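Presented below is the structure to which this report refers.
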Amino acid sequence: MTGDNTGLPAVDHRPADPGTIETAPDFSHLRYARGYVLHPKDLSPAVPGFWGQREFAGRVFRWDPRVSLASAGSADHEVLICGHALDPQLETTDLGRIAANLLEALQSSREAYLDVLEEMFGQFVVLDRVHDVVRAQTDAIASRSIFHDDQATLIASHVNLVGRTLKRGASRFTKWLSQPKTQDYPGRTTPYDEVWLLTPNTELTLGSGEIRRIGPRPYEPLTVEQAADLMQPVLEKQVEVLLESGRKIVVSASAGIDSRTSLAAFAGAPHKESVEVFTYTKALGSGRQSRELHRDKLAATMAADLGLAHQMFDLNTAERPPKQYVELLRELSSRRSNTVISWVYHSNLPHDSLHIRGQINGVGKWHFATMLHFSESLELTPRRMASLTKRGKDVDRPLEDPWWDLGEEGFREYVETTQLRSVPAGYRMTDLFLWEHRVANWNHAHIVESDVTFDTYQLFGSRRMIRLMLSVPEIDRVQLALFRELIRRMEPRLLEYPLNGKRWEEPTYDLPLSAYQAGTTRTWDELQSMRKRISTANGKLKSRRLEIARLKKELAQAQGDSAQLQERLESVQRAYEATTLRRLTRGVRSVRSRFSR
């Protein structure tokens with residue numbers, strides 16, 4: 001295969017069989033699993049010795065051979081892609097063909113190159129060189145992350161590979177993560193000073209650190225039926241190509257919308273004997289957990305009814321991961337996901353399989369909008385973004401509280417650096433916040449903890465598919481109408497099962513959107529005023545409770561003193577009675593003595 005008429009060969013490294021990589025008792029063979037690093041020749045990142053190595057654009061690219069690498073180039077243009085990918089236009093997962101096609105598009109124009117990437121699925125990083133300018137971007141949802149320093153002298157799949165190699169100090173934003181109920185670092189920030197996360201829909205210029213927004217593209221408003229007409233063939237084509245690739249497919253299922261849509265896509269496919277479904281449960285079978293256990297068992301029933309093999313993993317009885325395995329996972333992400341689930345994957349599922357997940361589907365569900373008070377604007381400010389990363393009582397803090405300043409600073413940098421406000425008209429900040437921050441940041445911990453076992457794939461994980469999800473009316477999105485229509489077309493039996501414990505009814509258009517949001521009939525200002533009054537009342541209540549506690553302490557002390565006084569009184573009284581008795585006894589003896597004389 002050649003890149004173009006200059007005759008420079010394409011390079012195509014197929015993934016190594018995980019079973020051929022020598023295992024280490026301390027699990028060091030899994031360090032930065034399925035990762036990569038691109039660095040100047042004078043740096044030496046601490047990666048496993050068995051990683052592959054090759055030169056790209058005057059730099060060194062090193063990668064875990066458990067994932068593919070392909071490159072194609074000419075004198076003036078070069079493309080490198082690492083990971084796994086599916087091009088629905090070429091109908092292939094062959095990374096060599098994909099790299100050659102990307103090169104041909106890049107030689108035509110940058111817009112043509114981005115057109116190809118707009119359609120692609122997978123978990124990959126892609127680099128391109130045009131003359132002396134080198135750029136990098138992730139897949140549509142950053143499931144293969146890019147971390148970089150200010151000038152992008154070094155990029156890598158894991159933040160520690162950048163921070164430790166460049167000897168960067170701790171970021172001040174670690175304080176934000178140390179506060180209770182925090183999910184993520186704000187915006188593009190990381191645990192290291194001047195080390196950043198590249199968000200989806202942007203590309204990075206190496207050597208300068210320039211960030212350029214490349215998506216999302218404008219969308220045409222569509223009905224549910226129109227969007228389904230465009231999406232269904234792409235879903236079916238992906239399933240066909242994946243099954244023809246010969247890889248074992250494992251689908252995580254919980255009877256929710258995401259996994260149900262995945263099951264529907266695979267249900268009618270030929271050669272589905274290579275598909276296996278699994279569910280993990282944490283429920284113990286009582287109260288709320290009883291409902292969760294019913295949901296988990298429902299996933300097993302659905303898989304069986306579709307003729308798909310199924311495994312159930314009970315995390316309550318699952319083997320705990322070895323200490324050294326847990327320590328290894330700590331290197332992969334600044335946030336833990338679930339080390340027990342990671343170990344269950346690693347112990348029970350094929351290491352060369354492809355894991356079908358559905359986190360990006362949440363972008364199609366009007367997710368963050370439902371969390372907002374109905375009188376709020378959906379055009380989120382950086383400060384409001386910061387508050388949405390918190391959970392528990394912290395979310396009740398007034399937004400004017402200085403406590404939010406640090407989080408706001410991180411999100412303001414994200415908004416300004418990525419030119420977030422320049423996205424085409426019609427996109428909601430709530431949706432972009434979920435797509436570019438929540439999925440790319442929060443989801444990173446989940447993915448890297450499964451990278452030690454297998455690759456991840458999402459059926460809705462291309463920029464075009466996400467754009468189509470966002471093109472339908474919001475009243476349909478909040479009622480999951482698009483997913484319902486896709487399931488109805490691909491496997492209607494799955495509509496008959498309850499959803500979240502209730503019958504899955506068809507969408508209704510009787511209620512306004514605000515009926516699906518948080519809030520009361522009070523306005524936002526009234527609600528904030530009420531929260532202030534509640535906060536003041538809670539402060540007074542706390543003071544009263546402290547006063548009551550003090551009085552109770554004094555009462556207890558007084559009761560103790562009273563008991564001591566009572567005991568002393570009783571002691572004095574007993575002594576007096578004893579003295580009086582002795583005196584009377586002596587008197588009686590004296591009288592008797594006189595009488596006896």
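Quick caveat: nothing in here was measured; it's all calculated off a predicted structure.
Using a 4.5 Å heavy-atom cutoff, the side chains of Leu198 and Ser145 are not in contact. The shortest distance between side-chain heavy atoms of Leu420 and Met429 falls below 4.5 Å. Two residues are said to be in side-chain contact when any heavy atoms from C-beta on lie closer than 4.5 Å; Met120 and Val126 fail this criterion. The closest side-chain heavy-atom distance from Ser450 to Arg357 is below 4.5 Å. Residues Arg335 and Tyr185 are not in side-chain contact: their nearest non-hydrogen atoms beyond the backbone lie 4.5 Å or more apart. Side chains of Asp258 and Gln359 form no contact here, defined as non-hydrogen atoms less than 4.5 Å apart.
Checked against the 6.0 Å centroid criterion, the rings of Phe27 and Tyr325 qualify as a close aromatic pair. Under the 6.0 Å cut-off for aromatic ring centres, Tyr219 and Tyr427 qualify, their centroids lying closer than that. Between Phe147 and His444, the ring centre distance stays below 6.0 Å.
Checked against side chain to side chain donor-acceptor pair (under 3.5 Å), Thr138 has no partners two or more places apart in sequence or in another chain. Applying the side chain to side chain donor-acceptor pair (under 3.5 Å) test to Arg135 and every residue at least two apart in sequence or in another chain returns nothing. Every residue was checked against the side chain to side chain donor-acceptor pair (under 3.5 Å) condition with Trp435, not counting sequence neighbours, and none meets it.
Atom OG1 of residue Thr93 and atom CG of residue Leu86 lie 6.5 Å apart, to the nearest 0.5 angstrom. Interatomic distance, OG of Ser462 versus CD of Gln238, reported as 7.0 Å (0.5 Å rounding). A distance of 7.5 Å separates CG of Asn441 from OG1 of Thr189, quoted to the nearest 0.5 Å. Summarising the geometry, atom CZ belonging to Arg260 is positioned 9.0 Å from atom OH belonging to Tyr497; distances are rounded to the nearest 0.5 Å. A distance of 8.5 Å separates CD in Glu276 from OG in Ser353, rounded to the nearest 0.5 Å. Note that the CZ atom of Arg488 and the CD atom of Glu506 stand 9.0 Å from one another [nearest 0.5 Å].
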Is there a side chain to side chain contact (heavy atoms under 4.5 Å, CB included) between Arg438 and Leu388 once you walk through the steps? CA-CA 10 Å; Arg438 174 85 169 160; Leu388 288 171; over 6 Å; no
Derivation and outcome, side chain to side chain contact (heavy atoms under 4.5 Å, CB included), residues Arg188 and Ile211: CA-CA 12 Å; Arg188 303 188 317 117; Ile211 305 293; 4.0 Å; yes
From CA spacing to verdict: side chain to side chain donor-acceptor pair (under 3.5 Å), Ser252, His355: CA-CA 7 Å; Ser252 51; His355 180 200; 3.1 Å; yes
Steps toward side chain to side chain contact (heavy atoms under 4.5 Å, CB included) verdict (Thr199, Thr417): CA-CA 10 Å; Thr199 51; Thr417 300; over 6 Å; no
Could you go step by step and tell me if Thr279 and His310 meet the side chain to side chain donor-acceptor pair (under 3.5 Å) rule? CA-CA 8 Å; Thr279 303; His310 183 273; 2.8 Å; yes
Could you give me the CA-CA distance, side-chain angles and deciding distance for Asp476 and Glu485, then say whether side chain to side chain contact (heavy atoms under 4.5 Å, CB included) is met? CA-CA 11 Å; Asp476 287 306; Glu485 177 63 16; over 6 Å; no
Using salt bridge (charged side-chain N to carboxylate O under 4.0 Å, His left out), reason through Lys237 and Glu240 one step at a time and then give a plain yes or no. CA-CA 5 Å; Lys237 179 57 64 178; Glu240 178 186 339; 3.3 Å; yes
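Aromatic ring orientation, Tyr345 versus Phe278: perpendicular (interplanar angle above 60°, classes split at 30° and 60°). Between His437 and Phe433, the angle of the ring planes stays under 30°, which puts this pair in the parallel group of the 30/60° scheme.
Under a 4.0 Å N-O distance rule, the pair Arg97/Asp87 does not qualify as a salt bridge. Ion pair Asp229/Arg489 flagged as a salt bridge, since at least one NZ, NE, NH1 or NH2 atom sits closer than 4.0 Å to an Asp/Glu carboxylate oxygen. Under the 4.0 Å criterion applied to side-chain N and carboxylate O atoms, Arg464 and Asp115 are not assigned as salt-bridge partners. Salt-bridge formation is detected for the pair Arg463/Glu118: a Lys NZ or Arg NE/NH1/NH2 atom is positioned less than 4.0 Å from an Asp or Glu carboxylate oxygen. Using a 4.0 Å cut-off between charged nitrogen and carboxylate oxygen, Arg110 and Asp128 count as a salt-bridge pair.
Among the candidates Asp455, Thr456, Thr453, the single residue satisfying the side chain to side chain donor-acceptor pair (under 3.5 Å) test with Arg34 is Asp455. Remark: of the listed residues Leu161, Val134, Leu127, Val162, Leu127 is the sole one forming a side chain to side chain contact (heavy atoms under 4.5 Å, CB included) with Ile155.
The neighbour count for Arg503 CZ, taken as heavy atoms of other residues, nucleotides or ligands under 6.0 Å away, does not exceed 12. Environment of OH in Tyr280: sparse, with no more than 12 heavy atoms of neighbouring residues, nucleotides or ligands closer than 6.0 Å. Shown here is Glu220, whose CD atom has no more than 12 heavy atoms of other residues, nucleotides or ligands within 6.0 Å.
Counting only N and O atoms by type, the side chains of Asp451 and Tyr32 include no donor and acceptor under 3.5 Å apart.
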